[in-house]
Amino acid sequence: MNIFDTFTGALKAIVCGLENDGRLPKDMDLKNVTIEPPREATHGDIATNIAMVLTRQARMKPRDIADMVAAGLRDVDGVERVDVAGPGFINIILKRQLIQSQVAAILNAGGNYGRSKIGGHEKVNVEYVSVNPTGPLHVGHCRGAIFGDALASLLDYTGYDVTREYYINDAGGQIDTLARSAYLRYREALGADIGKIPEGLYPGDYLIPVGKALAEKFGRRWLEADESEWLHDIRQFSTDAMMDLIRSDLDTLSIRHDVFFSELTLHKSGKIQAALDKLEDKGLIYTGVLEAPKGTRPDDWEERPQTLFKSTDFGDDVDRAVKKSDGSWTYFAADVAYHNDKVERGFTSLIDVWGADHGGYVKRVEAVVKALTDNRVNFDARLCQMVRLLRDGTPVKMSKRSGAFITMRDIVNEVGRDVVRFIMLTRKNDASLDFDFARVTEQSKDNPVFYVQYAHARVHSVLRKADIAFPGINLSVASLADADMTIFSDSSELSLIRNMMNWPRFVEAAALAREPHRISYYLYELASEFHAMWNKGNDNLDLRFIIEDDRAKTLSRLALISAVAGIIMAGLDILGVEPVTEM
RNA sequence: GCGCCCGUAGCUCAGCUGGAUAGAGCAACGGACUUCUAAUCCGUAGGCCACAGGUUCGAAUCCUGUCGGGCGCACCA
């Protein structure tokens with residue numbers, strides 16, 4: 001299927017043969033061998049560094065190894081020529097026919113071209129968003145939400161068994177604050193004058209409907225009641241209301257989690273104690289006194305004995321407290337139980353997507369997963385850097401105190417879901433990102449969303465035109481895949497095909513690196529190649545997609561660009577962006 | 001003070017986990033519209049990959065140190 005896989009196999013067989021003939025020592029390690037298109041197209045279609053990698057192992061000169069391997073490669077099907085160059089690179093030039101035939105292969109594979117099995121059905125848990133249920137999602141949450149979602153799709157596309165999960169922090173003190181804020185709105189709904197929202201409570205308008213709903217459901221029974229009477233019920237009620245709000249916010253971005261996991265259930269079920277018992281059994285829990293942090297020393301610092309987890313045994317900087325001074329569990333203790341629960345549900349790879357401000361939290365969770373699983377389960381925290389909102393080049397100021405922050409919904413309403421999703425995936429997750437309202441809605445090549453969408457739309461525009469130029473022309477996959485591919489000879493055509501041959505490699509690399517932004521970059525490049533070829537048709541009529549008096553050639557060209565559209569569609573699908581057919 | 005992330009063209013950033021002569025876009029300059037939507041394309045110019053060592057056939061990429069920027073640093077979540 002994938003040409004690079006084919007040659008990986010061929011190379012292994014050749015090395016094996018040389019080992020058996022005694023021309024190479026036994027058991028060569030091919031781990032660092034690469035098989036990839038050379039950066040310089042003039043060097044050929046596929047290059048491998050195998051000779052240099054084996055030099056030391058085999059105690060032979062790279063050129064000598066290269067010559068032996070090259071001889072073997074010349075017998076592989078579809079190989080036109082094999083050169084040895086530079087320090088010992090082996091460059092493979094493929095028969096043009098093999099390259100041309102890839103178009104049919106891509107079309108026949110449909111949306112599965114590029115789909116990979118490297119995941120091997122490994123159970124991966126991707127946890128993302130996990131915002132405290134105390135209000136609507138704002139911009140800061142946006143990036144992590146989209147990144148996590150696209151990463152999950154990418155892993156799914158590459159053969160992992162993915163669960164998308166949201167951890168609801170519904171057990172902490174901020175939920176009491178939420179309940180008190182909602183209670184205020186409840187009294188307001190019943191006509192009480194609540195005045196200004198006191199410092200420390202949530203001032204946002206989004207709690208007004210919650211207050212109304214409370215009034216509707218419970219009437220006036222809590223109007224003058226003591227907090228102890230209503231706190232429990234209102235906590236529950238407003239948490240549910242906030243989660244509904246958040247779910248609906250996420251829905252505007254087409255983000256849907258498989259599992260919403262409540263922190264509260266960990267407290268109620270005794271799972272925290274159970275998880276800590278597990279650590280206790282390993283001798284990793286003890287009572288001790290931590291040193292004061294260097295640098296900014298808290299004013300109210302005091303030395304006191306605490307229940308600690310020995311995370312320093314697993315690479316953390318200091319041991320971490322699992323109990324507060326009042327004897328209740330820390331947030332971290334619940335997180336120990338939560339990650340333990342994921343492990344017990346059978347996941348062998350845990351990915352948590354957090355904001356960069358949680359960077360200091362990574363090592364302790366890493367430590368706990370190692371400790372709980374004896375290093376058998378992999379934990380990977382992916383941190384998303386800040387997004388800077390710009391309007392006309394100047395940063396948008398936001399103040400949480402006044403409640404004047406821009407919500408995720410605001411942004412989606414203003415620029416659209418597809419734009420938000422794509423732009424958030426145009427940067428590496430650990431680099432900060434500028435989101436400029438003016439630029440992201442611009443209809444020009446400066447705007448990658450538009451540029452890629454436009455390429456896809458252009459293909460469909462041509463297909464529509466073709467249907468007019470050749471009434472009844474059969475544009476089904478089968479018909480297109482059956483077209484004559486041998487007409488592709490122009491550099492723009494061959495380069496486009498070579499680019500498409502790279503798609504499966506990019507997908508796999510992106511999945512292994514857990515970097516969905518690479519998909520965006522690939523799509524931009526593919527779109528660029530396509531636009532270039534389109535324009536070449538302006539100067540050279542013979543390079544147009546629709547050739548008025550040549551139905552067969554037209555069909556071939558349509559096959560080529562349909563393959564392009566198919567890959568764009570698959571790529572956009574991973575990113576969660578809708579491919580448009582008309583603009 | 002410690003930990004994590006970052007430093008690549010004037011600007012914003014890629015760089016396929018160590019490969020051959022470091023790439024895009026914007027901005028600048030010069031070209032292509034009786035068109036399959038020029039919403040695009042082609043060309044020119046622009047670099048001590050922060051700095052200094054190290055590892056090896058080979059380093060923007062890995063290691064160490066320095067400088068500069070961001071984030072975080074008992075019981076919060």
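Order of the sequence lines fixes the chain letters, A, B, ..., with proteins taken first and strands second; residue numbering starts at 1 for each chain. What you see is a predicted model, and the numbers here were worked out from it, not measured in a lab.
Note on A:Ser432: only backbone sugar-phosphate atoms sit closer than 4.0 angstrom, heavy atoms only; bases stay farther off. Within the nucleic acid shown, A:Thr55 has no heavy atom closer than 4.0 Å to any nucleic acid atom. Among the atoms of the strands shown, only primed sugar atoms or phosphate atoms (P, OP1, OP2) are found under 4.0 Å from some heavy atom of A:Gln174. In this structure, A:Ile546 reaches the bases: a heavy-atom distance under 4.0 Å links it to at least one base atom across the strands shown. Within 4.0 Å (heavy atoms only), A:Phe450 reaches at least one base atom of the nucleic acid.
Closest to the side chain of A:Met583, out of B:rA39, B:rA74, B:rA77, is B:rA39. The side chain of A:Phe545 lies closest to B:rC36, out of B:rC36, B:rA77, B:rU37. Residue A:Asn169 has its side chain nearest to B:rA77 when only B:rA39, B:rA77, B:rC36 are considered. Here the nucleotide nearest the side chain of A:Arg56, chosen from B:rC36, B:rA77, B:rU56, is B:rU56. Taking only side-chain atoms of A:Ser325, from C-beta outward, the nucleotide of B:rC75, B:rC36, B:rC26 with the closest atom is B:rC75.
Here the P atom of nucleotide B:rG58 and the CD1 atom of A:Ile50 are 20 Å apart, to the nearest Å. Look at NZ on A:Lys363: it is 5 Å from C1' on B:rG3, rounded to the nearest Å. Following rounding to the nearest Å, A:Glu582 (CD) and B:rC36 (C1') show an atom-to-atom distance of 14 Å. Rounded to an integer number of Å, the gap from A:Glu525 CD to B:rC13 C1' is 14 Å. Summarising the geometry, the separation between CD1 on A:Ile547 and C1' on B:rC36 is reported as 10 Å, rounded to the nearest angstrom. Separating the CG atom of A:Asn538 from the C1' atom of B:rU37 is a distance of 11 Å, rounded to the nearest angstrom. The separation between A:Tyr524 atom OH and B:rU12 atom C1' is 12 Å, rounded to whole Å. For A:Asn540 and B:rC36, the CG to P distance is 14 Å, given to the nearest whole Å.
Base-pairing analysis of RNA chain B finds the following stems of at least three consecutive Watson-Crick or G-U pairs, with both pairing distances under 3.5 Å: B:1-5 with B:69-73, B:10-13 with B:23-26, B:28-32 with B:40-44, B:50-54 with B:62-66.
Residue A:Asn535 places a side-chain atom within donor-acceptor reach of the base of B:rU40, judged by atom type and a 3.5 Å distance cut-off alone. Counting distance only, with no hydrogens placed and no angle test, the side-chain atoms of A:Arg304 and the base atoms of B:rC75 include a donor-acceptor pair under 3.5 Å.
For A:His43, there are no ring pair (Phe, Tyr, Trp, His ring centres under 6.0 Å) partners, not counting sequence neighbours. Taking A:Phe545 as the reference, A:Phe530, A:Trp534 meet the ring pair (Phe, Tyr, Trp, His ring centres under 6.0 Å) condition, with sequence neighbours excluded. Under the ring pair (Phe, Tyr, Trp, His ring centres under 6.0 Å) criterion, A:Phe4 pairs with no residue, sequence neighbours left out.
Comparing B:rG30 with B:rU34, their C1' atoms sit 24 Å apart, to the nearest whole Å. B:rA60 sits 16 Å from B:rU55 when the P atoms are compared, rounded to a whole Å. Using atom C1' as the reference point in both B:rG7 and B:rU66, the two lie 14 Å apart (nearest Å). One C1' atom belongs to B:rG31, the other to B:rC57, and the distance between them is 45 Å to the nearest Å. One P atom belongs to B:rA50, the other to B:rU56, and the distance between them is 23 Å to the nearest Å. The separation of B:rG10 from B:rC36, taken at their C1' atoms, amounts to 38 Å, rounded to a whole angstrom.
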Subject >> Stepwise salt bridge (Lys or Arg N to Asp or Glu O under 4.0 Å) check, A:Arg382 with A:Asp380 >> reply: CA-CA 6 Å; A:Arg382 311 300 298 183; A:Asp380 185 12; 3.2 Å; yes
**OP:** List the steps, then state whether salt bridge (Lys or Arg N to Asp or Glu O under 4.0 Å) holds for A:Arg518 with A:Glu515.
**Re:** CA-CA 6 Å; A:Arg518 295 190 190 191; A:Glu515 292 181 345; 2.8 Å; yes
**OP:** Take A:Tyr166 and A:Phe261 through the ring-ring contact (aromatic ring centres under 6.0 Å, His included) test and state the conclusion after the steps.
**Re:** CA-CA 6 Å; A:Tyr166 185 122; A:Phe261 195 103; over 10 Å; no
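Using a distance-only test at 3.5 Å, with no hydrogens or angles considered, no donor-acceptor pair links the side chain of A:Ser311 to the main chain of A:Asp317. A donor-acceptor pair under 3.5 Å is formed between the side chain of A:Arg544 and the backbone N or O of A:Gly537. Judged by distance alone, the side chain of A:Ser520 and the main-chain N or O of A:Leu425 form a donor-acceptor pair under 3.5 Å. Side-chain atoms of A:Ser461 do not come within 3.5 Å of backbone N or O of A:Ala457 as any donor-acceptor pair.
Side-chain contact between A:Leu572 and A:Gln453 is present, with at least one heavy-atom pair separated by less than 4.5 Å. Residues A:Met386 and A:Arg143 have side chains not in contact (no heavy-atom distance under 4.5 Å, counting atoms from C-beta outward).
To the nearest 0.5 Å, the span separating OG1 on A:Thr48 from CD on A:Glu36 amounts to 8.5 Å.
In this structure, A:Lys323 forms a cation-pi arrangement with A:Trp329, its terminal cationic atom sitting closer than 6.0 Å to the ring centre and no more than 45° off the ring axis.
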Enumerate all atom pairs, one protein N or O and one N or O from nucleotides 69-72 of chain B, separated by less than 3.5 Å.
| from | atom 1 | to | atom 2 | distance (Å) |
| --- | --- | --- | --- | --- |
| B:rC71 | O2' | A:Ala356 | O | 3.1 |

Atom pairs under 3.5 Å, N or O on each side, protein against nucleotides 14-22 of chain B: can you list them with distances?
| from | atom 1 | to | atom 2 | distance (Å) |
| --- | --- | --- | --- | --- |
| B:rA14 | OP1 | A:Lys428 | N | 3.2 |
| B:rG15 | OP1 | A:His517 | NE2 | 3.3 |
| B:rC16 | O2 | A:Arg505 | NH1 | 3.3 |
| B:rG19 | N7 | A:Asn49 | ND2 | 3.1 |
| B:rA20 | OP1 | A:Arg39 | NH2 | 2.6 |
| B:rA20 | OP2 | A:Arg39 | NE | 2.7 |
| B:rA20 | OP2 | A:Arg39 | NH2 | 2.3 |
| B:rA20 | N6 | A:Asn91 | OD1 | 2.6 |
| B:rA20 | N1 | A:Asn91 | OD1 | 3.4 |
| B:rA20 | N1 | A:Asn91 | ND2 | 3.1 |

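Remark on RNA chain B: of its neighbouring residues A:Thr581 and A:Asn447, the 5'-side contact belongs to A:Asn447, judged by nearest-heavy-atom nucleotide.
Between A:Ser461 and B:rC36, a side-chain N or O to OP1/OP2 separation shorter than 4.0 Å is absent.
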